[in-house]
Amino acid sequence: MSPARKPSGPSDEALVRRSLDGDRWAFTEIVDRYKGPIYNVAYRMLRQREDAEDVAQEVFLHVYRALDKFDLEQRFSPWIYRIASNLCLDKLRKNKNVTISLDAPLAEDRGLYRQIPDAAEGPPELAANAETRREIQAAIDALPEKYRLIVILRHTRDLAYEEIAEAMDLPLGTVKTRLFRAREFLRRYLEGQRMDLED
Amino acid sequence: MLMKCEEVYHFLQAYLDGEIGPEEERKLEAHVRLCPSCKKKLFSLQGLITSIEDLDEARPDEGFTKRLIERLPEIAEPARRTDRGGFWRRFLGPRPRG
């Protein structure tokens with residue numbers, strides 16, 4: 001859920017204004033409000049906890065540096081997701097230039113499931129759920145990056161089409177086309193079929 | 001008039017996101033009631049979306065905010081701040097030596 005939609009407390013934009021006016025609590029509140037969502041996007045894109053932490057930290061440092069450039073007439077949420085999207089895609093580009101151990105993603109997968117009860121020791125339905133989650137995650141990981149990011153923003157952060165278009169600097173029509181194609185890809189992938197998506 | 005299956009697909013996807021007008025919604029629902037193939041596709045996409053939304057949230061490690069705040073005094077203050085970073089230094093206490 002997008003934090004901007006939570007009704008309680010001052011709006012994000014009010015917090016930015018207060019940060020710029022020297023309110024010391026306001027920036028910490030922005031970080032606390034967004035660290036979970038931003039880390040999650042980074043983790044789902046990068047699939048390595050360390051990379052996700054680095055990128056999430058960079059996002060907030062960037063926000064802090066650029067706070068005065070934020071247009072107070074606009075909404076904060078697409079702005080921070082835009083910074084996060086750019087930094088995640090940058091990081092993925094950089095990572096492509098280094099050799100990746102084939103064992104690394106598996107080791108990292110075990111890291112993710114650290115946070116949920118050990119499915120293997122639980123009742124069968126828990127194991128089945130864990131298996132489903134693994135399959136879904138594998139399907140998402142198989143998406144080309146620009147499709148994967150849209151799916152993540154839409155379905156883990158509940159961003160509307162227009163917010164995704166703002167965050168990724170894409171026309172609305174492109175967002176819809178890519179999201180629909182990505183979901184079709186995922187649906188077929190989970191049924192054992194393959195579908196080509198241009199990279 | 002009922003929509004054709006090819007027309008439905010686009011609306012069906014937007015329907016799942018709640019980004020469809022009431023008129024299209026009415027037409028889509030009328031089609032899906034009578035078309036087993038589109039109904040199957042709708043349920044399958046709905047199941048997919050629910051599964052993605054049910055994925056566990058990965059959480060940043062404890063101390064994320066503290067680590068971030070420790071780095072802030074190293075960079076420029078945001079413009080128009082009225083004080084020059086005394087808060088962050090007070091927040092963190094004296095800087096460690098070395």
Side-chain angles (χ1 to χ4, degrees), chain A residues 16 19-25 27-28 31-32 35-40 42-44 47 49 52-53 56-57 60-61 63-70 111-113 115-116 129 132-133 135-137 139-140 151-152 154-156 158 160-162 176-177 179-181 183-184 186-187 190-191, chain B residues 6-20 37-38 40-92:
Chain A
V16 172
S19 299
L20 287 166
D21 287 344
D23 182 330
R24 293 142 181 184
W25 164 83
F27 189 75
T28 315
V31 175
D32 281 340
K35 66 182 175 187
I38 295 297
Y39 177 84
N40 233 280
Y43 181 75
R44 298 253 165 250
R47 308 289 290 125
R49 295 191 68 86
E53 161 101 14
Q57 290 263 330
F60 289 104
L61 292 174
V63 165
Y64 186 74
R65 283 190 208 104
L67 216 51
D68 62 314
K69 295 184 188 72
F70 173 69
L112 173 66
Y113 291 104
Q115 294 173 13
I116 58 172
N129 288 344
T132 306
R133 276 196 289 269
E135 284 171 6
I136 297 282
Q137 188 59 63
I140 294 172
V151 167
I152 290 166
R154 173 75 200 107
H155 293 306
T156 74
D158 197 28
Y161 296 164
E162 220 163 289
K176 284 193 214 177
T177 308
L179 177 64
F180 297 174
R181 286 176 62 76
R183 288 198 297 225
E184 190 57 26
L186 295 172
R187 191 178 72 82
L190 293 166
E191 289 172 2
Chain B
E6 309 86 74
E7 281 182 86
V8 161
Y9 189 67
H10 182 85
F11 289 117
L12 189 141
Q13 289 253 16
Y15 175 78
L16 291 164
D17 295 314
E19 301 234 16
I20 188 175
S37 155
C38 287
K40 188 176 166 217
K41 205 166 269 181
L42 177 69
F43 286 165
S44 155
L45 284 169
Q46 181 59 68
L48 168 74
I49 290 169
T50 306
S51 303
I52 300 172
E53 289 173 351
D54 284 350
L55 286 173
D56 297 287
E57 288 272 299
R59 279 186 287 278
D61 286 341
E62 295 231 348
F64 179 92
T65 307
K66 184 169 180 287
R67 279 194 298 283
L68 176 74
I69 287 169
E70 280 168 0
R71 297 174 68 185
L72 293 181
E74 295 164 16
I75 63 172
E77 299 289 315
R80 287 191 272 145
R81 278 189 59 158
T82 50
D83 63 345
R84 305 296 298 165
F87 160 68
W88 297 115
R89 276 188 280 279
R90 279 200 300 283
F91 188 93
L92 294 166

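Chain letters run A, B, ... following the sequence lines, proteins first, then strands; residues in each count from 1.
Considering only heavy atoms from C-beta on, A:Tyr39 stays 4.5 Å or farther from B:Arg59 through its side chain. When side chains are defined from C-beta on, A:Thr177 does not count as touching B:His10, because their heavy atoms never get closer than 4.5 Å. Using a 4.5 Å cut-off on side-chain heavy atoms (C-beta onward), B:Leu55 and A:His155 make no contact. In this structure, B:Asp54 and A:Thr132 have side chains that are not in contact, with every pair of non-hydrogen atoms separated by 4.5 Å or more. Here the side chains of B:Glu19 and A:Lys176 are not in contact, with every heavy-atom distance at 4.5 Å or above. Looking only at side-chain heavy atoms (C-beta outward), A:Lys35 and B:Leu68 stay at 4.5 Å or farther from each other.
In plain terms, the two heavy atoms of B:Tyr9 and A:Phe180 that are nearest each other are OH-O, 4.1 Å.
Between B:Ile52 atom CD1 and A:Gln137 atom CD the span is 9.5 Å, to the nearest 0.5 Å. How far CD of A:Glu53 is from CG of B:Asp61: 6.0 Å, rounded to the nearest 0.5 Å. To the nearest 0.5 Å, the span separating CZ on A:Arg183 from CG on B:Leu48 amounts to 8.0 Å. With rounding to the nearest 0.5 angstrom, the NZ atom of B:Lys41 is 5.5 Å from the CD atom of A:Glu184.
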If you apply the rule side chain to side chain contact (heavy atoms under 4.5 Å, CB included), what do you find for A:Val31 with B:Ile69, and how did you get there?
CA-CA 9 Å; A:Val31 175; B:Ile69 287 169; 5.9 Å; no

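By number of non-hydrogen pairs under 4.5 angstrom with chain B, the leading residue of A:Asn40, A:Asp32, A:Ile136, A:Leu190 is A:Asn40. Per-residue heavy-atom pair counts under 4.5 Å with chain B were compared for A:Gly36, A:Ala52, A:Ala56, and the maximum is reached by A:Ala56.
No more than 12 heavy atoms of other residues, nucleotides or ligands sit less than 6.0 Å from atom CD of A:Glu162.
For A:Ile140, the part sitting under 4.5 Å from any heavy atom of chain B is the side chain, from C-beta outward, and nothing else.
With sequence neighbours excluded, the residues forming a salt bridge (charged side-chain N to carboxylate O under 4.0 Å, His left out) with A:Glu191 are A:Arg187, listed by chain and number.
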